[in-house]
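Read through the structure below, which is laid out as structure tokens, and then see the notes.
Both counts, for ligands and for their atoms, begin at 1 and track the order of listing. The first residue of the sequence shown is numbered 1, and numbering continues consecutively from there.
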Amino acid sequence: MKAVIPAAGLGVRFLPLTKEQPKEMLPVVDRPAIHWVVEEAVAAGATDLLIVTGREKRAIEDYFDASPKWDAVLRNNHDVRAYRELEELSSKAHVHFVRQKEPRGLGDAVLQAEMHVGREPFLVTLGDTINVANPPVAKQLWDAYERLHHPVVAVEEVRDAKVSDYGIIKPGKAVDDRTLEVADLVEKPALADAPSRLGISGTYVLTPSIFDAIRATPPGRNGEVQLTDALRVLRRTEPMYAYRFSGRRYDIGTKMDWFRAHVELTLQDQEYREGATAFLKELLGHA
Ligand code: UTP
């Protein structure tokens, strides 16, 4: 399975931390956010990953590259678990990079994958979105695609106050208790105009027909080519489905979700769970 991971966005919402480093490299527990994203894609069965980067994102490319310096240091009896796990992860998939020349929107980022993807369906999972789920959300979506043979977008119920931050779907007929036909989509609607509370949450299985749809999509908000708008174009000619995934999703491009992901994943880690729980209890006065 091929996976495309857009990671070329600016990260305005995470300034000043993103002034000199990509938001995808922000630490979550003991590894950068994009490590979790790649781990999920690989756990879902991806063996070929294309990360869409841009200027000032070199750190991501270097992170997944071999490092003779660290190999030499670690040969002398150091065992750093997270480093070893990175090596294992890198050995399970081929990681490729393509650059988006300017951050012209998520749709434009996905378009950069066209040559690489060829004629196959492919997974898209955002470089700044961490899902905590079992099975992985990417796997849930891929399984849904294999049943439906048309594009599938992961959705979740969003709070009223958040509706205008999301691409929102207009649901059509229900296929089963998690799967719905998509009747239409709208990018970041005002609450009053939103056709539902089901927000597109950053994991997709797409088919190569998306590329023509992206090309046919004029720039929308902020002059960016939005993936939601391209999906809307595609929906006119092809069935499309939404899948209500099970699990929790964090947009680590926002400070609060980054913090939540960090806490949840720390508490899930065998090495840190006990110490972190004791510390949180002490801090909150429940010791
Ligand atoms: P966001 O919607 O979080 O936008 O992108 P952003 O530009 O990265 O963040 P802010 O608004 O400046 O804070 C969702 C995903 O799409 C990628 C981002 O890297 C992120 O993984 N993206 C976005 C691109 O690859 N290229 C773009 O032009 C825009």
*Using the salt bridge (Lys or Arg N to Asp or Glu O under 4.0 Å) rule, take R248 and E156 through it: C-alpha gap first, then chi angles, then the decisive distance, then the call.*
CA-CA 9 Å; R248 260 189 303 277; E156 64 183 337; over 6 Å; no
*asked:* With side-chain hydrogen bond (donor to acceptor under 3.5 Å, both in side chains) as the test, pick out the partner of D184 among R232, R235, R236.
replied: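 Of all the options given, the one that passes is R232.
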*Show which residues join Y83 in its hydrophobic cluster (side-chain heavy-atom contacts under 4.5 Å, direct or indirect), or state none.*
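Hydrophobic cluster check, Y83: joined to W70, V73, L74, V80.
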*Do you know which of R197, R244, R249 makes salt bridge (charged side-chain N to carboxylate O under 4.0 Å, His left out) with E157?*
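Exactly one candidate clears the test, R244.
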Exercise answer: donor-acceptor pairs, residues 26-42 side-chain atoms, under 3.5 Å, sequence neighbours excluded:
residue, atom, partner, partner atom, Å
D30, OD2, Y272, OH, 2.9
R31, NH1, E85, OE1, 2.7
R31, NH2, E85, OE1, 3.1
H35, ND1, Y63, OH, 2.8
W36, NE1, V28, O, 3.0
E40, OE1, N131, ND2, 3.0
E40, OE2, N131, ND2, 3.3
E40, OE2, V137, N, 3.2
E40, OE2, A138, N, 2.8

*asked:* I'd like the residue list for ligand 1, meaning every protein residue with a non-hydrogen atom under 4.0 Å from the ligand.
replied: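 Near ligand 1, by chain and number: P6, A7, A8, G9, L10, G11, V12, R13, K23, E24, Q100, P103, R104, G105, L106, A109, L126, G127, D128.
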*Taking only residues two or more places apart in sequence or in another chain, which ones pass side-chain contact (heavy atoms from CB on, under 4.5 Å) with A183?*
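With sequence neighbours excluded, A183 shows a side-chain contact (heavy atoms from CB on, under 4.5 Å) to K170, given in chain and number order.
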